[in-house]
Structure formats: structure tokens, C-alpha cells
Amino acid sequence: MPITETQLPLYEIKADLFKGLAHPQRIRILEILSSAAEVPVAELLEETGLESSHLSQHLAVLRRHRLVRSERRASHVYYRLADPRTAELLAVARALLLSMLDTDSQRLATAHELPDLPRVGA
């Protein structure tokens with residue numbers, strides 16, 4: 001069944017969510033934010049090892065896709081997940097990844113058990 005014109009915007013919003021997640025550093029930032037109620041920018045800089053300008057760009061993308069919220073208090077800016085379910089999404093994604101890697105390692109082990117092939121020119 002094709003996507004209808006009224007459904008298309010919903011799929012676009014979902015695609016935008018995944019665009020917000022589509023960078024390893026943004027995933028790492030979200031994982032850090034998942035471990036605390038809020039995290040100051042200074043700690044995000046330390047935990048990620050990113051330059052300030054690069055962290056700022058990634059945080060801007062995450063804000064634009066409504067994955068994080070920020071709050072300025074005095075001279076410090078704190079970030080938190082916009083929705084705690086983002087932590088659940090990351091946990092499910094990690095479990096899926098581990099399952100995929102386990103399957104790959106099983107396949108690799110099976111491949112190593114294959115009989116040797118004759119060597120060409122030997």
C-alpha cells in the first residue's frame with residue numbers, strides 16, 4: 001500500500017528523527033545525556049573529546065530535531081534529553097547492534113571451520 005499524502009508528513013518527521021541520530025558523535029552525546037538528568041557543556045566536551053565548535057554543531061542538530069533541550073544558568077549551559085524515551089531507543093539500538101555483531105561473529109567462526117582450499121600454484 002503506497003503512502004498517502006496525509007501520511008507522508010508523518011514519515012518525513014520520522015525520517016528527520018533518524019537524520020538527527022545519523023552521526024556517531026551525536027549518538028555518543030545522547031548516550032552521555034541518557035546517563036544523567038542533565039549534563040553541562042563542559043562535561044560533554046570532556047566526555048566526547050570534541051572541539052567546542054564541533055560539539056556546538058552537533059548539539060544544534062540535536063536541538064533542531066527536538067532530541068535535546070538546553071538551559072542556560074549563569075555562565076553555564078546544561079543539556080538534557082527532550083524525551084526520556086530517547087534513552088530507551090538508544091538501548092534498543094544497542095541491543096540490536098550486539099545481536100547483529102553476535103550473528104556476524106558466529107558466521108565468522110563457521111567460516112573459519114570450512115575445509116581448507118587448495119592453494120593456487122602450490
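Nothing fancy with the numbering, it's 1 onward along the sequence.
- Y78 and L50 fall into different hydrophobic clusters, defined by Ile, Leu, Val, Met, Phe, Trp and Tyr side-chain heavy atoms under 4.5 Å apart, directly or through other members.
- Q106 is listed as a side-chain neighbour of D102, based on a closest heavy-atom distance under 4.5 Å.
- Between Q57 atom CD and E51 atom CD the span is 10.0 Å, to the nearest 0.5 Å.
- Residues satisfying the ring pair (Phe, Tyr, Trp, His ring centres under 6.0 Å) test with H65, not counting sequence neighbours, are none.
- The side-chain contact (heavy atoms from CB on, under 4.5 Å) test with Y79 singles out one residue from L33, I29, L30, and that residue is L33.
- In plain terms, the two heavy atoms of Q25 and H58 that are nearest each other are CB-NE2, 3.8 Å.
- One hydrophobic cluster holds both I27 and F18 under the rule that ILVMFWY side chains link at heavy-atom gaps under 4.5 Å.
- When each of L89, L59, V61, T86 is tested with L67 by the rule side-chain contact (heavy atoms from CB on, under 4.5 Å), just one qualifies, namely T86.
- For the pair T103 (side chain) and S99 (backbone), a donor-acceptor distance under 3.5 Å is present.
- Under the ring pair (Phe, Tyr, Trp, His ring centres under 6.0 Å) criterion, H54 pairs with no residue at all, not counting sequence neighbours.
- With rounding to the nearest 0.5 angstrom, the CG atom of L81 is 11.5 Å from the CD atom of E38.
- Here the side chain of Q7 pairs a donor or acceptor atom with the backbone of T4 at under 3.5 angstrom.
- A salt bridge does not link R69 with E71: none of the charged nitrogens is closer than 4.0 Å to a carboxylate oxygen.
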